[in-house]
Protein chains: 2
Amino acid sequence: MTIQQLSKEIGISIDTLRIWERRYGFPIPTRNARGHRSYSGDQVDELRIVKKLQSLGHRPGKIFALSSAERRELLTVAAEQELPPNQALQQLTKEFSPSQIDEELREQLQKLGLVSFIHQYALPLLQALDQGWTEGSISIAREHLVSDRLEQLLREQLVTEQPTKSQKQLLFLTLSGERHKLGLLLAAALFHAEGIGCILLNQELPISEVPQLASELQVDGVALSFSFHYSTRQAKNDLARLRNQLDPQFKLIAGGQAVQGGIQMQNLIICTTLKQIPRICRKLSA
Amino acid sequence: MTIQQLSKEIGISIDTLRIWERRYGFPIPTRNARGHRSYSGDQVDELRIVKKLQSLGHRPGKIFALSSAERRELLTVAAEQELPPNQALQQLTKEFSPSQIDEELREQLQKLGLVSFIHQYALPLLQALDQGWTEGSISIAREHLVSDRLEQLLREQLVTEQPTKSQKQLLFLTLSGERHKLGLLLAAALFHAEGIGCILLNQELPISEVPQLASELQVDGVALSFSFHYSTRQAKNDLARLRNQLDPQFKLIAGGQAVQGGIQMQNLIICTTLKQIPRICRKLSA
DNA sequence: GTCATCTTTTGTCCTAGACAAAATTAGAAG
DNA sequence: CTTCTAATTTTGTCTAGGACAAAAGATGAC
């Protein structure tokens, strides 16, 4: 695999891959006839683990000081601190076919209602998927499959609504480079449940387009999500740039793993947990 | 704007931006205190035009030999060769609110049926959006908005189906880096209309996950789309790698602008127009 | 006109060095 | 022993300029 393919596949920049090789001696790829790097499948797997550990808060220096086995152990230890998923979720994540997944999700949504479904079902499900990947019992492909069906289901709940003029309206979107849209969707669903009008845009937008869209749609604010794909540094940069371009009348709300690390900015609301959403809504309506 | 932000915003790699500057003398950004490149808003707009001309088949050498005004003219000339959009579409693309767009789309779908809706309504609509952008009468933001609603509508049509065991099944997906999902969706809708079971995955998958997913879902083939975001070179690379990793029993179908330029490979079906789909379906069922 | 060969264009990769922002450690003061 | 500030290390992204293969275009033979 070439350096570009690797970079795309795991979401680490080419520059970073090269400097890791220079500094830490890993990954050291073979070279093809041209002198270009060529990575093995094992190296890809190892880097996935490195990425995961990094997103758990470990720094590259520490991670690369460990052996491959030690890295795996560290990951397992972290996973064991979480609750084990219940059996119903096991089935869903491991055995069900696409249509069975759909059926199960819709049934649970019906039974629990949107808010409880998110807190009591969707979040544990996502956690189970994550844990399953760590253990090696769930393939990335399956993870994608299940979260895709959940995404579609939630999206349907949000798009069919008709906003009333009186309520506050928020525009939910992700910036270019953010592939993870599920977190934003969960947040939007909860805002919706609190009576906020939610306009959801399932596209990765360039920053410069956001101000125009916000004023054209006459929303009261813009909500963004930055997953672990985004480095905290970049999230901060992008938010600063956006806040700068966006008229101060619009609220700006940011959530997701990349903004947990204490970003502070004027006129910016950071949403660290989904549980904060009711409080933010009260603030918005005031 | 930094080089990274610019690269993300318009989808041209950092390496390419730097070498364009070296070779053609455009864009030449100012430098900040660190000596890092800093691009102006005008340069961003100009590069969007360059990108558009490039996707129309012009080569960088030619494009950069022109003046800014000449570039704009070339773009306008190209746009005028297309049919002017009718008034109904004008309204949709320029005036309607999100919920009005939804309403109109759903009404047209109801009236025309899926296949006619795609050929007689969706495709002209997308063309009108594109043309509007060229003229400057439609913002990129609005373009995103309309295509997002269309995407959601089509997705709903496809996800609600229950596949029967007997029919052929295809897995529709995009690879990491491919943000444009609408083309794939249109294709999937037409395959669906021909009686093919369509499993749609709205995620950008790494190549290495595709073989596993295909065999887990027991589909008969995998269909991919490569929009103008993808260079032909990369599409070719990725397809070769995927064909190599994927068991020969699975068909591989590729479509989109990036594969129009005559990619040929064993065991690969290239779909240059949506009109070819019925023929491909007959081939599949045989 | 068609095919094969030569030339130019183009994008991606290479090395190796620099530096600021973030994170950590050390030290001082309460 | 805690809290705050200052020095130090770590880390990712940028820089320059060179190299080369694949794609596209031009040339010439038949």
Side-chain angles (χ1 to χ4, degrees), chain A residues 1-8 11-26 28-39 50-51 53-55 57-65 177 229-240 258-264, chain B residues 1-8 11-26 28-39 50-51 53-55 57-65 177 229-240 258-264:
Chain A
M1 189 184 298
T2 69
I3 195 167
Q4 202 183 37
Q5 290 167 334
L6 178 66
S7 171
K8 250 196 211 157
I12 294 172
S13 84
I14 290 178
D15 270 325
T16 301
L17 285 168
R18 278 201 279 251
I19 208 135
W20 280 0
E21 181 182 342
R22 215 198 292 176
R23 288 199 184 129
Y24 311 113
F26 186 87
I28 295 190
T30 57
R31 300 294 183 118
N32 68 11
R34 273 208 254 175
H36 290 190
R37 291 168 174 81
S38 176
Y39 295 87
V50 169
K51 183 93 197 283
L53 284 173
Q54 206 182 4
S55 82
H58 299 279
R59 298 180 63 179
K62 303 261 181 189
I63 298 171
F64 287 113
H229 281 121
Y230 247 77
S231 69
T232 300
R233 178 185 304 198
Q234 272 189 4
K236 200 171 172 178
N237 259 332
D238 286 354
L239 280 169
V259 296
Q260 302 299 311
I263 291 178
Q264 288 196 9
Chain B
M1 189 184 299
T2 69
I3 194 167
Q4 202 183 37
Q5 289 167 335
L6 177 66
S7 170
K8 251 196 211 158
I12 294 172
S13 84
I14 289 178
D15 269 325
T16 301
L17 285 169
R18 278 201 280 252
I19 207 134
W20 279 1
E21 181 182 341
R22 215 197 295 173
R23 289 201 183 128
Y24 311 113
F26 186 88
I28 294 191
T30 56
R31 298 298 181 117
N32 68 10
R34 274 206 254 175
H36 289 190
R37 291 168 174 81
S38 177
Y39 295 87
V50 170
K51 182 93 198 283
L53 284 173
Q54 205 183 8
S55 83
H58 299 280
R59 298 180 63 177
K62 303 260 180 188
I63 298 171
F64 287 112
H229 282 121
Y230 246 78
S231 68
T232 301
R233 177 186 304 199
Q234 273 189 2
K236 198 171 174 178
N237 256 332
D238 286 355
L239 280 169
V259 296
Q260 302 299 310
I263 292 179
Q264 287 198 8

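Throughout, protein chains are lettered first and strands after them, A, B, ... in sequence-line order, and every chain is numbered starting at 1. Scope of the values below: all heavy atoms of this structure, side chains included, with no hydrogens, waters or symmetry mates.
The distance from atom CD of B:Gln4 to atom CG of A:Asp15, rounded to the nearest 0.5 Å, is 9.0 Å. Within the model, atoms CZ of B:Arg37 and CZ of B:Arg31 stand 4.0 Å from one another, a figure rounded to the nearest 0.5 Å.
Between A:Ser13 and D:dG12 there is no side-chain polar atom (N or O) within less than 4.0 angstrom of OP1 or OP2. Phosphate contact (OP1/OP2 of C:dA18, side-chain N/O of A:Arg22, threshold under 4.0 Å): absent. Contact annotation: B:Arg233 does not reach the phosphate of C:dC13 (side-chain N/O to OP1 or OP2, under 4.0 Å). Residue A:Thr232 places none of its side-chain N or O atoms closer than 4.0 Å to OP1 or OP2 of C:dA22. The side chain of B:Trp20 contributes an N or O atom lying less than 4.0 Å from OP1 or OP2 of C:dG11. Between A:Tyr24 and D:dT10, a side-chain N or O to OP1/OP2 separation shorter than 4.0 Å is absent. One finds no side-chain N or O of A:Gln54 lying less than 4.0 angstrom from the OP1 or OP2 phosphate oxygen of D:dT10. Put simply, A:Arg59 has a side-chain N or O that comes within less than 4.0 Å of OP1 or OP2 on D:dT11. Of the side-chain N and O atoms in A:Lys236, none sit less than 4.0 angstrom from OP1 or OP2 of C:dA21.
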> Given the rule in the side chain to side chain contact (heavy atoms under 4.5 Å, CB included) test, do A:Glu21 and A:Leu17 qualify, once you have shown the distances and angles that lead to the verdict?
Replying inline: CA-CA 6 Å; A:Glu21 181 182 342; A:Leu17 285 168; over 6 Å; no
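Taking the nucleotide of DNA chain D with the nearest heavy atom to each of A:Gly61 and A:Arg34, the more 5' of the two is matched to A:Gly61. Nearest-nucleotide mapping onto DNA chain C: of A:Asp15 and A:Thr2, the residue sitting toward the 5' end is A:Thr2. Sequence order on DNA chain D of the closest nucleotides to B:Gly57 and B:Ile14 puts B:Ile14 first from the 5' end. Between A:Glu21 and B:Pro60, the residue whose closest nucleotide on DNA chain C is further toward the 5' end is B:Pro60.
Between the side chain of B:Arg18 and the base of D:dG17, no donor-acceptor pair under 3.5 Å is found.
Note on ring orientation: taking the six-membered ring where Trp is involved, the planes of B:Tyr24 and B:Phe64 are parallel (angle under 30°, cut-offs 30° and 60°).
Of the candidates D:dC20, C:dA18, D:dT15, D:dT15 carries the atom nearest the B:Arg37 side chain, counting heavy atoms from C-beta on. Side-chain proximity of B:His36 to the nucleotides D:dA19, D:dC14, D:dG12 is greatest for D:dC14.
Rounding to whole angstrom units, CG of residue B:Asn237 and P of D:dA21 are separated by 15 Å.
A:Gln5 and B:Asp238 get closest at one heavy-atom pair: NE2-OD1, 3.8 Å.
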